[in-house]
Amino acid sequence: MRGNNFLLIIIILFVIAFAVAFGVIFAGSGIGSGLPSAFRPVTALPETTLPETTQTTPESEKQDPNSLSGKPKILGPGKLEKQIALNILKTYLKQYPHKSRDASDYVVKCYENFDGTYVVSINLDPDKRNEGDFDQLFDNNKTFRLNGCTFLDQDLLVYDGKRTQSLAIAYYDELLTLDEYYHLYEVYKQEHSSEYNTVNHTLTKDELDRINTAWKAKFGNVFAETLDEIGEPGQKLFYGKYGDAYVLFYRATDTVGESGIGISGFTFRFDVGKSYLWVCCNSKYYSLSDAYSRGLVNIFDIAMIYAEHEKWAH
């Protein structure tokens, strides 16, 4: 009997040892997670780290650095839809990233639409400029002369739906046909008829006397006997008054010489041996170069005088 009890104790110890070993194996393999909680071995919870989340802005919501706000002022004579005007302005201003992105600061003037190819000018709205500002953003007062047509300033742009080009480049790139170019010239000239037809009878007899005094001191004779001698066509032209300075041109021939004078980047072409581009100020004679160096005319005057010279001197 005593032997049987001893054997029973051995079996019980063996069962207990087996149960302990079995529990350790379950804890290591994770199989015990399926057992009732009372039979699961107690183990420490593993450390967990939540994945980092980064917010990304959808492409549709990213800010376009070339985007515009507001609406530009639109002028004729041609018709231009607001969205097309914005597209033209946005395309052109890509060249000027430092300029205002408020479209209401600009005026877009449409001269013609050739089946989706628009000819326009873009300028700052005069109502938003400070008095005395000179707009150097756009290439004004540089004439474009081709095939007998003279555009008084080079602020015209051609937009073909993808890009904007100057009128000269657009012509050479054949964005405009020759017939379209001539048609545009007629539209443009009609729009600027007052500038094309400024026949020089705006001088008074007293002003002519001052001009003649200056010319006679230089050459010994009068510039003109009467006001009717000054104007187009003719040898004697009046380019306007700039402050106290009267700018005049004596054209010896109807052709422009190969030579000329350069003033601050502007080249005035004429035969300097026979023609005279000069200034009368306080009844005294000055060459245009001398007048500029003395401050009698400024760089903005020079730009306007250049436009006049290109208009009349060819």
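All residue numbers refer to positions in the sequence shown, counting from 1. Every value quoted in this text rests on a predicted model; they were computed, and no experiment measured them.
Taken to the nearest 0.5 Å, the CG atom of L248 stands 8.5 Å off from the CG atom of L237. With rounding to the nearest 0.5 Å, the separation of OH in Y250 from CG in L277 is 14.5 Å.
Considering only heavy atoms from C-beta on, T164 comes within 4.5 Å of Q95 through its side chain. Under the 4.5 Å side-chain criterion, counting only non-hydrogen atoms from C-beta, N113 is not in contact with L80. Using a 4.5 Å heavy-atom cutoff, the side chains of I263 and F268 are in contact. L93 places a side-chain heavy atom less than 4.5 Å from the side chain of R101. Taking 4.5 Å as the limit, every side-chain heavy atom of Y239 sits out of range of all side-chain heavy atoms of Y306. Contact check for L175 versus R163: side-chain heavy atoms found under the 4.5 Å cut-off. In this structure, Y188 and L167 have side chains that are not in contact, with every pair of non-hydrogen atoms separated by 4.5 Å or more.
With sequence neighbours left out, the salt bridge (charged side-chain N to carboxylate O under 4.0 Å, His left out) criterion links D290 to R294. Listed by chain and number, the residues in a side chain to side chain donor-acceptor pair (under 3.5 Å) with E112 are H183 (sequence neighbours excluded). A search for salt bridge (charged side-chain N to carboxylate O under 4.0 Å, His left out) contacts involving D115 returns nothing, not counting sequence neighbours. The salt bridge (charged side-chain N to carboxylate O under 4.0 Å, His left out) search around D173 returns none, not counting sequence neighbours. Evaluation of the side chain to side chain donor-acceptor pair (under 3.5 Å) rule for T117 yields no partner, not counting sequence neighbours. With sequence neighbours excluded, no residue satisfies ring-ring contact (aromatic ring centres under 6.0 Å, His included) with Y286. The salt bridge (charged side-chain N to carboxylate O under 4.0 Å, His left out) search around K162 returns none, not counting sequence neighbours. Checked against side chain to side chain donor-acceptor pair (under 3.5 Å), Y246 has the following partners two or more places apart in sequence or in another chain: E207, R210, K241. Remark: N87 engages Q83 in a side chain to side chain donor-acceptor pair (under 3.5 Å) (not counting sequence neighbours). The ring-ring contact (aromatic ring centres under 6.0 Å, His included) check on Y242 picks up nothing, with sequence neighbours excluded.
Note: F219 and F223 fail the aromatic proximity criterion, with ring centroids not under 6.0 Å apart.
Proximity of a side-chain donor or acceptor of Y171 to a complementary backbone N or O of L178 within less than 3.5 Å is not detected. A donor-acceptor pair is defined here as one N or O able to donate and one able to accept, closer than 3.5 Å; such a pair exists between the side chain of E229 and the backbone of E225.
Closest non-hydrogen pair, C110 versus V120, comes out as CA-CG1, 3.9 Å. Between I211 and C280, the shortest heavy-atom distance links the atoms CA-SG, 3.8 Å. Across all non-hydrogen atoms, the minimal contact from A103 to L86 is CB-CD2, 3.8 Å. Minimum heavy-atom separation, T204 to L227: O-CD2, 3.9 Å.
One side chain, S104 or D102, offers a donor N or O that lies under 3.5 Å from an acceptor on the other.
Atom CD of E174 sits in a sparse spot, with 12 or fewer heavy atoms from other residues, nucleotides or ligands closer than 6.0 Å.
Sorted pairs that involve residues 276-288 and meet salt bridge (Lys or Arg N to Asp or Glu O under 4.0 Å), not counting sequence neighbours, are lacking altogether.
A tilted orientation is assigned to the rings of Y118 and Y159, their planes being inclined by 30° to 60°. The aromatic rings of F270 and F249 stand perpendicular to each other, their planes meeting at an angle above 60°, with 30° marking the opposite boundary. Using a 30° and 60° split on the angle between ring planes, W278 and W215 fall in the tilted class, from 30° to 60°.
Clustering of Ile, Leu, Val, Met, Phe, Trp and Tyr side chains at separations under 4.5 Å places L75 together with V107.
V279 is connected to F300 through a chain of hydrophobic side-chain contacts under 4.5 Å among Ile, Leu, Val, Met, Phe, Trp and Tyr, so both are in one cluster.
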